Amino acid sequence: MIYQGYKVTPHCPRCGTSLSSHEVALGYKDDTVDPSVYIKFQIKALPAEIAGEKSPGFSLSKAVSDGKAYFLAWTTTPWTLPGNTSLALAADADYAVIEYQGDFLVFARALMEQAGIGDRPVLKTIKGSQLTGSLYIPLFNPHEFNVERKRAREGQPGQFDIQEPDAHLTYKVITADIVSLEDGTGIVNIAPAFGEVDFLAGLEHNLDFVQQVDLSGNITGTYPFSGKFVKAADPEVLADLDRRGLLHKSGKITHTYPFCWRCDAPLVYYAKKTWYIRTSAKKDEMIAGNRQINWYPEHIKEGRFGDWLQNNVDWAFSRERYWGTPLNIWNCENCNHFECLGGLDEIKARKGLKGFAGDMDLHRPYVDDISYDCPECGGKMARQTEVIDCWFDSGAMPFAQWHYPFENDSKFKESFPADYISEAVDQTRGWFYSLHAISTLVFGQPCYKNVICLGHILDAEGEKMSKTRGNVVDPWTVLDSSGADALRWYMFTSGPPGNVRRMSPDMVVEVMRNFLMTLWNTYSFFVIYANIDNFIPGTQPVSLTSELDKWLMSRLNQLVLDVDELLANYDPTTAGRKIESFVSDLSNWYVRRSRRRFWKSQNDDDKLSAYNCLYQTLVTLSKLLAPFIPFVADEMYQNLVRSVDGKAPESVHLVSFPVADRDLINAVIIEDTELAMKICSMGRAARSKSAVKVRQPLPRVVVKARSAHEQEALKNLCSQILDELNVKDIEFTSEELKEGKAMSVAVDGDYQVGVVTEITPELLQEGLAREIVRRVQTMRRSAGLEIADHITTNYLGNDQVDNVMAAFADYIQQETLSVALLKGIPAEVARTEKFKLSGIEVTLAIRKQEP
RNA sequence: GGGCCAUUAGCUCAGCUGGUUAGAGCACAGUCCUGAUAAGACUGGGGUCUGUGGUUCGAAUCCACAAUGGCCCA
């Protein structure tokens, strides 16, 4: 499965190493500007078939013998031209001969326009196949510049024979499938040392091999441009050709070219020795294994990853580096015998072992000292100096992390194959592949069952974030200002994980305010009141008599059901969004509607039921949220559970995920409450149109629902509606509601909600009482009083004020925790304020009542 | 050059097994509510659902092509 090949690999001249295909993938740049040049190769001889051909008027043979006939080839890498050893044509294409400045140029007829000579008459048309075997004179005869010309030994791709110098060297023309008629001239520069296609063509046609560039990317030999880096040599190569009349046209092209992901140097395709894993032999197994894996999003499976497996090529896994896992292949310096050693035991068993100590560090440089006797010839066996591609290490993780198969047999088997892995989409060629390839090679099966494949995070403009571009959102600024859990929640809920997403810190701030603060405030509401009332969870029976509580328990258990199922289906986004809308309803409906139940002074069943429901809900939420926002969830859990139950698991992360109680799910209540919410929303709209403040109670709301069934449902929930809309009565009708002097109406589809805006003296008085409560509360707050502090309230006003204070004394006192309502303003008060309420002047004063 | 994904309000996204009037949050303006609130409610402005064809009684939704962006490959 492992072999050494002489193959062309992308090579980084600065790092001095070849790159794997997944590394190359990291460094493509779209807007690379390179030379676009048309070069003339002088034709020396034509194949006999067309050489003898007579044609009236024009003879290509004569032009050849006059030294005026040229193949016109196109390239973007002038520095490879000294290594050119052939030209490739498309067999089926028509090639035209035209005259240009006294020379006769041959190139694909279809591409005349691009070469800038479309207006010339075509003197002759020849099929590419007819030109095969033509000979041409090299642009640079390697022997003149002290560069070796080699040729592959028949059947041994890794071995080359050096060719004798030849002052009259010619190269031959071949045909190849890869020749494009889209761009260029239909005649392709073949330099077997500098391209994979070129190298393979070289093997197939037994072409010469000229390698005039060293591993640092510098031109060797004695060319005028020797010693230059390849890219720097480009203009000088062109200048040299131009001087000799061999440069037809020179320009620039913008195209995609790979660069080193590590150091940004342009990559050079370079033939050199590399160790390969013959993964292509296991291609079918890898494809079969992939069918067992669940991919999210699903299209990756047969799309990007499936394509990658279909087009599998052998894994070039050796690296010319210092750091890394040493390649465990030794070979004999004398007879070239190879051995691959599988472990320490095998090393120790070698005859004539030198440079080995029992406790040695088996990395470079120490490992390089190990040698032993060749079992074939007795020569010295030395380690190949390369290290192993670190992607191989990453792919070996499932067993390497346990040092399996040397130990931890059971630990390995427990965790293999993995249930789930996650990485970004670029890793289809990286970690996803290295894991899958090695697992298939070693175990014949996949090593992961489920994958969430993440899309990339882009900046606010939709551009890829990159350090060089400076558009990176620093994670620390987000973590410092909004927190890790806010960032997590944003990532989970802002969009499906497989999508790319634009990101700016503002979005995380929004998440914090919208979701986390709502959650936290609900939690802290509970904590404040539970502390005031000394509520101890678990000691009181839960009796679900209140419709509101039944609704909350229904919603909660439905939520648990939904979230559990969504997470099982690898959809954290929808799960998170469900939690979000639940928390919003919890805060804006349940707590809002239940407020008075917590505030009232009697510790009755209703109050306990409210506490228990809210408590259970918050605890369950902390468990549901634990995988999403581990810090906030555990903080809630610590205070809600651990502080009252020392025997509870230490952390929410050690608690089992909640299981829904299906018996508590009442779909009818959920639906009915939704309707009640809708009616309230319309009622608020009607109220706000009437311009009567919500604080002012109104006599009646009139509802036109769609059916008698809906009317019944709303009747059951009418206390919630009355309270929410601050009206005294609810009435149902099947008549159209009319907007009028004492009626404000909101319409939505088949629903109509009208508010009767007649204000009786009694209602006005009650409204006044609410105004007074509201003012006192605001004063308490500004005075810096605690919620549970008791006060004495003093007041001053006309008879009407006196009447209100008398009629609503209980209500005002309970709401404001006033031990007394006293007429007259004493000198020593915490705060005095004067108001005009509905045209009536009132002066209020409060002072804290010391216990 | 090939492949995959996306494109819906100023922004971030729902809606995609075709079917009443395309929704939410943020942002903006005004009004209201509030002793849990960096919250909330109501109203308002803001949309040729990227474009062009096609299928259909009916298309944001299905099909084809194109444009733009992102990713991967060459």
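Note on naming: letters A, B, ... go to the chains in the order of the sequence lines (proteins, then strands), and numbering restarts at 1 for each one. All values reported here derive from a predicted model rather than from experimental measurement.
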Base, sugar-phosphate or nothing for A:Arg595? Non-hydrogen atoms, less than 4.0 Å. base
Proximal nucleotide (of B:A39, B:C72, B:A36) relative to the A:Asn521 side chain: B:A36
Output yes when at least one side-chain N/O atom of A:Ser681 is less than 4.0 Å from OP1 or OP2 of B:C42, else no. yes
Are A:Arg774 and B:U34 close enough that a side-chain N or O sits under 4.0 Å from OP1 or OP2? yes
For A:Arg513, which contact category applies under a 4.0 Å heavy-atom criterion: base, sugar-phosphate, or nothing? sugar-phosphate
Base B:A39 paired with A:Ser587 side chain (donor-acceptor, <3.5 Å): no
B:G19 and B:U37: how far apart are their C1' atoms, nearest whole angstrom? 42 Å
Nearest-Å distance for atom pair CH2/C1', residues A:Trp295 and B:C72: 13 Å
Between A:Asn514 and B:G40, is there a side-chain N or O to OP1/OP2 distance below 4.0 Å? yes
Rounding to the closest angstrom, what is the interatomic distance between B:C5 and B:C28 at atom C1'? 33 Å
Under 3.5 Å side-chain donor-acceptor pair for A:Ser818 and A:Thr793: yes
Rounded to whole angstroms, how far apart are CZ on A:Arg577 and C1' on B:G15? 11 Å
Who does B:C4 pair with, Watson-Crick or G-U, both distances under 3.5 Å? B:G70
Can any side-chain N or O of A:Glu710 pair as donor or acceptor with the backbone N or O of A:Arg706 at less than 3.5 Å? yes
Given B:C42, B:A36, B:C33, the nucleotide with the shortest approach to the side chain of A:Val694: B:C33
Can you identify which nucleotide, out of B:U34, B:C72, B:U37, has its nearest atom closest to the A:Arg770 side chain? B:U34
Assign each of A:Leu586 and A:Glu771 to its nearest nucleotide of RNA chain B by heavy atoms, then name whichever residue's nucleotide is nearer the 5' end. A:Glu771
A:Trp74 CH2 - B:G1 P separation (whole Å): 12 Å
Taken in chain and number order and not counting sequence neighbours, the residues that satisfy ring pair (Phe, Tyr, Trp, His ring centres under 6.0 Å) with A:Tyr529 are A:Phe525, A:Trp599
Residue closer to the 5' end of RNA chain B, A:Met682 versus A:Met779 (nearest nucleotide): A:Met779
Fit a plane to each ring of A:Phe515 and A:Trp489, take the angle between them on a 0 to 90° scale, and name the class: parallel (under 30°), tilted (30 to 60°) or perpendicular (over 60°). parallel
Of all the choices, B:C32, B:U37, B:G25, which nucleotide is nearest to the side chain of A:Lys693 once you look at every atom? B:C32
The Watson-Crick or G-U wobble partner of B:C28, with both key distances under 3.5 Å, is B:G44
Need one value for A:Glu815: base, sugar-phosphate or nothing, where a base atom within 4.0 Å counts as base even if backbone is also close, heavy atoms only. nothing
Identified salt bridge (Lys or Arg N to Asp or Glu O under 4.0 Å) counterpart of A:Asp723 within the set A:Arg593, A:Arg597, A:Arg595: A:Arg593
Please give, in whole Å, the distance from B:A6 C1' to A:His456 NE2? 15 Å
Measuring only the P atom in each nucleotide, how far is B:A59 from B:A29? A whole number of Å is fine. 39 Å
For A:Met517, report the nucleic acid contact type (base, sugar-phosphate, nothing); a contact means any heavy atom under 4.0 Å. base
If you check every side-chain atom of A:Asp307, which of B:C5, B:A36, B:G3 has the closest atom? B:G3
What contact category does A:Tyr529 fall into here, base, sugar-phosphate, or nothing, at under 4.0 angstrom with non-hydrogen atoms? sugar-phosphate
Base, sugar-phosphate or nothing for A:Arg684? Non-hydrogen atoms, less than 4.0 Å. sugar-phosphate
Suppose we call two aromatic rings close when their centres sit under 6.0 Å apart. Are A:Trp520 and A:Tyr523 close by that rule? yes
Of the options B:U37, B:G3, B:A36, whose atoms approach the side-chain atoms of A:Arg304 most closely? B:G3
Within the 4.0 Å heavy-atom criterion, would you say A:Arg695 contacts the bases, only the backbone, or no part of the nucleic acid? sugar-phosphate
When the P atoms of B:A27 and B:U12 are compared, how many Å lie between them, rounded to an integer? 15 Å
Nearest-Å distance, CG (A:Leu614) to P (B:U37)? 15 Å
On a whole-Å scale, what distance lies between the P atoms belonging to B:U31 and B:C13? 33 Å
Should the pair A:Glu766-A:Lys728 be classified as a salt bridge under the 4.0 Å nitrogen-to-oxygen rule? yes
List the steps, then state whether side chain to side chain contact (heavy atoms under 4.5 Å, CB included) holds for A:Met286 with A:Asn290. CA-CA 6 Å; A:Met286 289 197 282; A:Asn290 182 39; over 6 Å; no
Round to a whole Å and report the spacing from CG of A:Asn499 to P of B:U8. 12 Å
How far does the P atom of B:C42 sit from the matching atom of B:G25, given to the nearest Å? 9 Å
Closest to the A:Met507 side chain, choosing from B:C72, B:C11, B:C13: B:C11
P spacing across the pair B:U8 / B:G45, given as an integer number of angstrom: 22 Å
Counting the atoms with a prime plus P, OP1 and OP2 as sugar-phosphate, which does A:Val509 contact under 4.0 Å by heavy atoms, base, sugar-phosphate, or nothing? nothing
For atom CG of A:Asn588 and atom P of B:C32, their distance in whole Å: 20 Å
A:Trp551 and A:Asp585: CA distance, side-chain angles, deciding distance, side chain to side chain contact (heavy atoms under 4.5 Å, CB included) verdict: CA-CA 11 Å; A:Trp551 170 77; A:Asp585 284 349; 4.0 Å; yes
Between A:Arg775 and B:U34, is there a contact of a side-chain N or O with OP1 or OP2 at under 4.0 Å? no
Please report the distance, rounded to the nearest Å, between CH2 in A:Trp589 and C1' in B:A39. 17 Å
A:Ile300 near the nucleic acid: base, sugar-phosphate alone, or nothing, with a heavy-atom cut-off under 4.0 Å? nothing
Which nucleotide, if any, forms a Watson-Crick or G-U wobble pair with B:C65, using both distances under 3.5 Å? B:G51
Within the structure shown, what part of the strands sits under 4.0 Å from A:Ser524 by heavy-atom distance: base, sugar-phosphate, or nothing? sugar-phosphate
In whole angstrom, give me the gap between the C1' atoms of B:G18 and B:U55. 11 Å
